[in-house]
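We use all heavy atoms of the structure for the numbers below, so side chains are in, but hydrogens, waters and symmetry mates are not. Protein chains get the first letters and strands the later ones, always in sequence-line order, with residue 1 at the start of each.
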2 protein chains.
Amino acid sequence: MSARVPRPGSPVRGSKTGKPIMALFDLLGRSWALGVIWQLSDGPMTFRQLQESCESVSPTVLNKRLKELKESGVLARGDSGYQLTGTGQELFALLHPFGDWSKRWAKNLPKEALDDR
Amino acid sequence: MSARVPRPGSPVRGSKTGKPIMALFDLLGRSWALGVIWQLSDGPMTFRQLQESCESVSPTVLNKRLKELKESGVLARGDSGYQLTGTGQELFALLHPFGDWSKRWAKNLPKEALDDR
DNA sequence: TACTATTGCTACTCTTTACGTAGCAATTTC
DNA sequence: GAAATTGCTACGTAAAGAGTAGCAATAGTA
């Protein structure tokens, strides 16, 4: 019933060693984990706001992700809703460049897709 | 049978708009996608080498991830196995800082876990 | 040439995760 | 005190992943 939250040092999905990077990848490699962090970078949001901005993510999954990310110290619940912690903002700082990258990727993909197939 | 590969511009898992960043998060938010990119940063690897270095990831899933990442232009198959493309190396460059971050996270987590719960 | 080993998968069953919808208890707003 | 809004939980169904077995194709060896 209680979902496993990936933590560095203990085995996680796919990783028996629990190497920090693998634990992190397990945490982030779940649906909407990255999206939630991305959305929260604009400031605190309520549960329903998050649900909307994540385009109809099911409350079940959203709640699971929130619990996991909370337990991982990435976000916390404050007065105005869920928000990134200092740690979480640090993590977002690393994530931020992916925005521009994804746009370039979107532009170049059609070309490459034709080349490579 | 044929798995959906997330592409910017078209709806992806959870995202109807297909915003590039959401498509990217969908692509990377699948089990072992980040891990595979991480492993390949050391150089080309064969299928079986990847399987080992990803600690017993099932061949089914590995093969799916490889197809998706290949179709997304992140990696390709060369003479000495699977390897990151230029695009893929660019992506890894963004991913690289997560290594150090995860180590700091691993050190601080126990403390925070006690504080926050 | 035939034998063996390795590689890159596919097939299968079982479990876990996610989706989609409904709804409810606890505030908050009027 | 009635109506909204918020933060969930509870379903049932569908999709994704784990774990194991094995096979066709190539490479290396006797």
Find every protein N or O atom lying less than 3.5 Å from an N or O atom of nucleotides 25-30 of chain C, and list the pairs.
none

Check the interface with nucleotides 7-10 of chain C: list each N/O to N/O pair with the protein under 3.5 Å, or write none.
unit_1: C:dG8; atom_1: OP2; unit_2: B:Phe47; atom_2: N; d: 2.8
unit_1: C:dG8; atom_1: OP2; unit_2: B:Arg48; atom_2: N; d: 3.4
unit_1: C:dG8; atom_1: N7; unit_2: B:Arg48; atom_2: NE; d: 3.0
unit_1: C:dG8; atom_1: N7; unit_2: B:Arg48; atom_2: NH2; d: 2.7
unit_1: C:dG8; atom_1: O6; unit_2: B:Arg48; atom_2: NH2; d: 2.4
unit_1: C:dC9; atom_1: OP2; unit_2: B:Arg77; atom_2: NH1; d: 3.0
unit_1: C:dC9; atom_1: OP2; unit_2: B:Tyr82; atom_2: OH; d: 2.2
unit_1: C:dC9; atom_1: O5'; unit_2: B:Asn63; atom_2: OD1; d: 3.4
unit_1: C:dT10; atom_1: OP2; unit_2: B:Asn63; atom_2: ND2; d: 2.3

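A straight line from CG of A:Leu62 to C1' of D:dT6 spans 13 Å, rounded to a whole angstrom. Rounded to whole angstrom, the span from the CZ atom of B:Arg65 across to the P atom of D:dG17 amounts to 4 Å. The nearest whole Å value for the distance from the CG atom in B:Leu27 to the C1' atom in D:dA16 is 15 Å. For B:Arg30 and D:dA18, the CZ to C1' distance is 17 Å, given to the nearest whole Å.
Ring geometry for B:Tyr82 against B:Phe47 counts as tilted: the plane angle lies between 30° and 60°, on a 0 to 90° scale. Taking the six-membered ring where tryptophan is involved, the planes of B:Trp101 and B:Trp105 are essentially parallel, since the angle between them stays under 30° and well short of 60°.
A side-chain donor-acceptor contact under 3.5 Å links B:Arg65 to the backbone of B:Ser31. Counting only distance, with no hydrogens or angles, the side chain of A:Ser80 and the backbone of A:Pro44 share no donor-acceptor pair below 3.5 Å. With B:Gln49 contributing its side chain and B:Thr46 its backbone, the two residues share a donor-acceptor pair below 3.5 Å.
In this structure, the side chains of A:Leu40 and A:Gln83 stay at 4.5 Å or more apart for every pair of heavy atoms. With a 4.5 Å cut-off on side-chain heavy atoms, A:Leu91 and A:Val74 count as touching. No side-chain heavy atom of A:Leu94 sits less than 4.5 Å from a side-chain heavy atom of B:Leu95.
In the helix from C:dT1-D:dA30 to C:dC30-D:dG1, the end axes, each obtained as the rotation axis mapping the C1' atoms of four pairs onto the next four within a five-pair block, lie 30° apart to the nearest 10 degrees.
The distance from the NZ atom of B:Lys107 to the OG atom of B:Ser102 is 11.5 Å, given to the nearest 0.5 Å. For the atom pair CZ (B:Phe25) and CH2 (A:Trp38), the distance works out to 5.0 Å, reported to the nearest 0.5 Å.
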